[in-house]
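Data block below; observations after.
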Amino acid sequence: MDFTLPKEYELLRRMIRDFARQEVAPLAKRIDIEEEVPREIIRKAAELGMMGVPFPQEYGGMGAGELGYCILMEEIGRVCTSTATVIGAHTGIGAMAIYLDGTPEQKKKYLTPLARGEKIAAFALTEANAGSDAAAIRTRAVRDGDDFILTGSKMFITNGPIADIVSVMAVTDPSLGPRGGITAFIVEMDWKGCSVGKVEDKMGIRGSGTSELVFDEVRVPKENILGQFGAGFVTFMKTLDVGRVSLGAACLGGAQAALERSIQWAKARSQFGKAIVHNQSIQWMIANMATEIEALRSLVYRTAWMVDTGQPFTRYAAMCKLYGSEVASRCISQAVQIYGALGYSRDLEIERMFRDARIAEIFEGTNEIQRIVIASDIMRQEGVRISP
Amino acid sequence: MDLDFLQSLMGGEEMAAAEAAYQDIWVVGEVSGEGLTPATRALLGKARDMANALGVYVKGILFGAQEAAGSEMISYGADTVYLLEGVGLGSFAVEPYVEALARQIESGRPEIVLFNATSFGGELAPRLAARFRAPLFTHCIDLGVDEALRALLATVPRLGGEYYEILVSPTLRPQFATVEPGVLPAPFADPYRYGSVEHVSYDDLPPARVEVLGPFPEGLPEPPLSRSRVIVCVGRGVGDEEGVELARRLAERLGGRLAGTRGALDEGWISEEQLIGMAGQTVRPALYIACGAAGAIQHMLGIARTECLIAINTDPKAEIFPYADLGVVADAKAVLEALNAALAGGS
Amino acid sequence: MRIAVAVKQILDPEGITVNRRRERIFINREERIINPADKCALEAALRLKDAHGAEVIALSLGRPSADDALREALALGADQAVLISDKALAGIDAPTAAVVLARAIERLAPCDLVLVGQTAADTGGDQTAGRLAELLGLPQVLHAVTLSLDGERLKVVRLWDGRPIMVAVAPPALIAVSPLAPPARYPHGARILNAYRQMGVSVWTAGDLGFTAEELRPNIESRGQVFPPERELGNVIEGAPEQMAGEILALLRQRRLI
């Protein structure tokens, strides 16, 4: 059993780590204050292939699979959660839906510019009345000849303000419910009738734009049906599933950053005549953080391997997201405590990391939903169908 | 005893070796406006010491008709000085200089050839060492001799000077070395020393293949703070804009950059990019001069890897002093003024 | 145009700490990297390639792990990579290394430029460039910062005793690139993967280059390490500003900082 990362991934990690440290980290504070990830950073990242890491090179991607993508998300998550979120929503779910269920023509037309970072993607499922209850969406797509007329609005869409191409879930047959009544569409935001609505003012990841997307009788050609007609539920479940693994990786990066900063501070800060690292309480905090991070690391990368080798991974992906978000929150909260009053000051990055981390337990499927996913998957193997 | 019997006693190899022995220590000198460069003088002093230990001569090498400099080499310890002259040896160029020196070395067979570790020495020594299939020790910070082996002991810096290694070449000759200027002690000149200055002429030297076009006026782009070798940092204690300007000027004179603490940023004296510390940049300069900075931990974390920290503060109990190589209790602005004046004076 | 670039893989000096008091060297983090000046040389070659088109061949004389350094060179944009590695080459001294490298470079198709890093960050060695130039019979430009092609000649901004000057040389030539030159670009992710998965690294042994064991025997010995004195911290002085300035300058001179 060989746990070493293949050499090309080590070099990839080193490149991304250098990029994150030199290009992104110095801007992290400003990204939070100005509430924007500069286009320049996205361009630089795209030039190195970082906007399409898991996608095949034939579609403009890097060809590094889920493993490479988790490495990217970990290293970027280590320095700036907002940037990781922008990339994550773009690659991990927006473009990913097209990669998983798109036709070769759709991949050529849409996935390629997205993988190259020439266009930005978003994934639009959530609505005001449909959060955890995703099946309760009301955005309608009504057939009109060969086309569909899309009407409705989506809420809390990451990359909403900047997206060019959106994977949208809409109801095509209200009588059928989620199984057979929902279809996924690829929508271009510059089509007539598409607009960006309210932009959210958030606690954290303020550099990542989250907004309402409004569709006012948008004409969508039938060529833009994503996946099987009526099987949109399957498309979005598949996409969210795999998206959870890399979200876990981003949380891993954040937790790792919290640990590193805690260690740095514990070494440097002296109270009562010695560095605080000599206090058992601090030692235990560090040990606990490090242990959880190691466990999360093994979980995330093993799950990435499962994705890349075509094994079933739904349960483990949910675990990555569930455990990752909670470990990140715990570690960053612990870091604030270790820093004491300075950890509360906006002069340092710790408070921003604290605000940034909280959302991970909520978006991409709340941790409560993740627990249901995990339990359902376990019980399914036991022959028990958990009622929704 | 006839030669054949002698040979059979000694063994043929040893005879051959005795005939072809490398002997004497040579110093390739450099000249500036006021005669020999201080580094060359120091090199001669060291060569003299080593030559005394080995019982051999010191010979100096200069390029061009430098009678006065030649005499100066004698006063600092050379026994003979060769002035290499010829077409192409007027101003420095690699091809004719290497060729002339190589021919001189071939005929003179020195055991040790010393250069200063300047660009001049760095251009010549490696090529000559390659030509003679000989060892070369660069940037030496000390030289010695192993008298049993009659070999040069060279102390060279490793990891950018974090430690040193002593190297020796037991058999290969000549041994070439370049010595870091300013490390050897300044020697005494003895104007009554006796020695000879000889003119050596070389013809048919190869032409230069690299053309010097001139100085590069724009200068090089400033390295980012994180890679600066010298940083002058201002804290609140520097007092006012005037003090900051003095610090900026000092930084310039020292070939470094201006930076500051949180206090300086709050006063509007520096920009965010110049902030050093937890909320700003982490730096690792060879020299960091902190002017009027108290030493708060947020600042100190940014300079943990400084090689030489000098702190100037009016408060003798300032937190920064225990971490400084040199702590100066004085008004930062006044010291900055004095430093600038001293450096402007050309000392 | 064909450009050969010699790169050396070293232990990252950032991962090494020297404890002066205990007179020991600790390797805290064992990571191997391309010597920074060599990476600058690679970047200089790639910039010429971008501007004028060129074939860039990266060579490395080292352990088998130097394969990673060459993959990185390929990922950055080199077209070919050659690893010179052999048990017989382990422990060779700097002069012999230059001879081996020179012979390897001669074995390549004729090159217009040979680029190397000026200084090795681990050993501090900076004689390889000059030795190579002499062995290959090439003109040399050392401490180069920027290179540009101007007609038939290469124009180089280089440092002479720390000051930038401009020189010109007609290829073929050897250029030693200063660590102060522009740092290397980031390699494109797809190129990183392809460098390992699709591209090859030729491996040459000492035998391939025609060296005998006798020729490779080291001639330079180490007599051990010397450690500088520990930093003495907390030395505080007080006095008139002029006097203080004098003390500061004396320290700077003593430490060879000015």
Side-chain angles (χ1 to χ4, degrees), chain B residues 94 118-119 122-123 125-127 129-131 133 135-136 138-139 153 155-160 162-172 182 209-216 219-220 230 254 286-287 308 310 316 321-331 334-335 337-339 342 347, chain C residues 13 16 18 25 95 98 121-127 129-131 133-135 139-143 145 155 157 160-161 163-169 180 219-228 231-239 241-242 244-249 251-252 255-258:
Chain B
V94 167
T118 53
S119 273
E123 294 273 339
R127 292 197 82 124
R131 196 181 281 215
R133 298 276 189 260
L136 166 62
T138 58
H139 297 281
L153 291 171
T155 305
V156 299
R158 299 294 198 208
L159 284 183
E162 290 210 36
Y163 72 101
Y164 306 102
E165 196 171 1
I166 301 176
L167 300 173
V168 67
S169 166
T171 53
L172 292 185
R209 290 184 288 178
V210 177
E211 184 190 345
V212 178
L213 301 175
F216 186 63
L220 297 181
V230 175
L254 295 175
L287 172 63
C308 178
I310 297 178
F321 284 141
Y323 297 97
D325 294 79
L326 178 62
V328 174
V329 180
D331 175 48
V335 177
E337 246 182 276
L339 279 168
S347 52
Chain C
I16 302 176
V18 174
I25 300 159
D122 52 349
T123 60
D126 62 351
Q127 54 179 282
R131 284 186 182 267
E134 180 69 17
L135 293 168
Q140 71 194 23
V141 178
L142 308 181
H143 295 282
V145 179
K155 281 232 183 88
V157 174
W160 183 276
D161 285 331
R163 293 206 159 73
I165 63 171
M166 283 203 72
V167 304
V169 66
L180 298 176
N219 290 299
I220 296 176
E221 289 168 15
S222 171
R223 287 285 175 86
Q225 293 149 350
V226 184
F227 292 83
R231 267 175 86 195
E232 272 174 41
L233 302 177
N235 178 26
V236 181
I237 58 177
E238 202 165 342
E242 290 75 22
M244 297 296 94
E247 294 282 341
I248 291 173
L249 290 175
L251 177 66
L252 297 186
R255 299 276 188 105
R256 285 183 291 124
L257 290 162
I258 49 167

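Naming: A, B, ... by sequence-line order, numbering from 1 per chain.
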(request) Report the distance from atom OG1 of B:Thr138 to atom CD of C:Gln127, rounding to the nearest 0.5 Å. (result) 5.5 Å

(message) Using a 4.5 angstrom heavy-atom cutoff, name the option from B:Val168, B:Thr118, B:Val156, B:Val328 with the most pairs to chain C.
(response) B:Val168

(request) Identify which of C:Gly124, C:Ala168, C:Pro241, C:Pro95 forms the greatest number of heavy-atom pairs closer than 4.5 Å to chain B. (result) C:Ala168

(request) Against chain B, work out which of C:Val157, C:Val236, C:Val226, C:Leu142 has the most heavy-atom pairs shorter than 4.5 Å and name it. (result) C:Val226

(request) Work out which heavy atom in B:Ala129 is nearest to a heavy atom in C:Arg131; give both atom names and the distance. (result) CB-NH2, 3.4 Å

(request) Against chain C, label B:Val335 side chain, backbone, both or neither, depending on which of its atoms sit under 4.5 Å from a heavy atom there. (result) both

(message) Less than 4.5 Å to any heavy atom of chain C: does that hold for the side chain of B:Leu159, its backbone, both, or neither?
(response) both

(request) Indicate the atoms forming the closest heavy-atom contact of B:Pro126 with B:Gly122, along with that distance. (result) CD-O, 3.1 Å

(request) Verify side-chain contact (heavy atoms from CB on, under 4.5 Å) between C:Asp126 and B:His139, making sure each step is shown before the conclusion. (result) CA-CA 9 Å; C:Asp126 62 351; B:His139 297 281; 2.7 Å; yes

(request) Not counting sequence neighbours, which residues clear ring pair (Phe, Tyr, Trp, His ring centres under 6.0 Å) with B:Tyr163? List them please. (result) C:Phe227

(message) Between B:Asp325 and C:Arg255, does the side-chain contact (heavy atoms from CB on, under 4.5 Å) criterion hold? Intermediate values first, please.
(response) CA-CA 11 Å; B:Asp325 294 79; C:Arg255 299 276 188 105; 3.0 Å; yes

(request) Heavy-atom distances under 4.5 Å only: say whether C:Val18 touches chain B with side chain, backbone, both or neither. (result) both

(request) Using non-hydrogen atoms and a 4.5 Å limit, figure out which bit of B:Ala286 sits close to chain C: side chain, backbone, both or neither. (result) both

(request) Between chain C and each of B:Leu153, B:Leu254, B:Leu172, B:Val94, count heavy-atom pairs under 4.5 Å; write down the option with the most. (result) B:Leu172

(request) Pick whichever of C:Arg223, C:Glu242, C:Gln225, C:Lys155 has the most heavy-atom pairs under 4.5 Å with chain B. (result) C:Arg223

(request) Name the member of C:Ile16, C:Ile25, C:Val141 that forms the most heavy-atom pairs with chain B at distances under 4.5 Å. (result) C:Ile25

(request) Step by step, work out the side-chain contact (heavy atoms from CB on, under 4.5 Å) result for C:Thr123 and B:Arg158. (result) CA-CA 5 Å; C:Thr123 60; B:Arg158 299 294 198 208; 3.6 Å; yes

(request) Would you mind reporting whether C:Asn219 and B:Pro135 have side-chain heavy atoms less than 4.5 Å apart? (result) no

(request) Specify which of C:Gly239, C:Gly224, C:Ala98 makes the most heavy-atom pairs with chain B at under 4.5 Å. (result) C:Gly224

(request) Compare every heavy atom of B:Pro316 with every heavy atom of B:Val329, then report the nearest pair and how far apart it is. (result) CG2-CA, 4.0 Å

(message) Is B:Leu339 in contact with chain C via its backbone, its side chain, both, or neither, using a 4.5 Å heavy-atom distance?
(response) both

(request) Output the option from B:Thr171, B:Thr155, B:Leu287 having the highest count of non-hydrogen pairs under 4.5 Å with chain C. (result) B:Leu287

(message) At a 4.5 Å cut-off on heavy atoms, which part of B:Leu167 comes close to chain C: side chain, backbone, both, or neither?
(response) both

(request) Please look at C:Leu251 and chain B and tell me whether the side chain, the backbone, both or neither of the residue comes under 4.5 angstrom of a heavy atom of that chain. (result) side chain

(request) Under 4.5 Å heavy-atom distance to chain B, tell me which part of C:Leu257 shows up: side chain, backbone, both or neither. (result) side chain

(request) Examine whether an atom of B:Pro322 lies under 4.5 Å from a heavy atom of chain C, and if so say whether it belongs to the side chain, the backbone or both; otherwise answer neither. (result) backbone

(message) Which atoms of C:Arg256 are under 4.5 Å from chain B, going by heavy atoms: the side chain, the backbone, both sets, or neither?
(response) side chain

(message) Is it true that, when you exclude C:Arg231 itself, more than 12 heavy atoms of the residues, nucleotides or ligands shown sit nearer than 6.0 Å to its CZ?
(response) yes

(message) If I compare all heavy atoms of C:Gly130 with all of C:Gln140, which pair ends up nearest, and what's the gap?
(response) CA-OE1, 3.6 Å

(request) Tell me, out of B:Gly214, B:Gly219, B:Ala330, B:Ala334, who's got the most heavy-atom pairs with chain C below 4.5 Å. (result) B:Gly214

(message) Using every non-hydrogen atom in the two residues, find where B:Val210 and C:Val169 come nearest and quote the distance to one decimal.
(response) CG2-CG2, 3.9 Å

(message) Please check this pair: side chain of C:Glu247 against backbone of C:Ile237, looking for a donor-acceptor N/O pair closer than 3.5 Å.
(response) no

(request) Can you tell which part of C:Ile258 gets under 4.5 Å to a heavy atom of chain B, answering side chain, backbone, both or neither? (result) side chain

(request) Heavy-atom distances under 4.5 Å only: say whether B:Glu123 touches chain C with side chain, backbone, both or neither. (result) both

(message) Restricting to non-hydrogen atoms, name the atom on B:Pro170 and the atom on C:Glu221 that form the minimum distance, rounded to 0.1 Å.
(response) CG-OE2, 3.3 Å

(message) At a 4.5 Å cut-off on heavy atoms, which part of C:Leu252 comes close to chain B: side chain, backbone, both, or neither?
(response) side chain

(message) Does any backbone or side-chain atom of C:Glu238 lie under 4.5 Å from a heavy atom of chain B? Answer side chain, backbone, both or neither.
(response) both

(message) Counting only non-hydrogen atoms closer than 4.5 Å, does B:Pro157 touch chain C with its backbone (N, CA, C, O), its side chain (CB onward), both, or neither?
(response) backbone

(message) Is it the case that the side chain of B:Arg127 and the backbone of C:Ala133 share a donor-acceptor pair, with hydrogens and angles ignored and the cut-off at 3.5 Å?
(response) yes

(message) For B:Phe321, which atoms come within 4.5 Å of any heavy atom of chain C: side chain, backbone, both, or neither?
(response) both

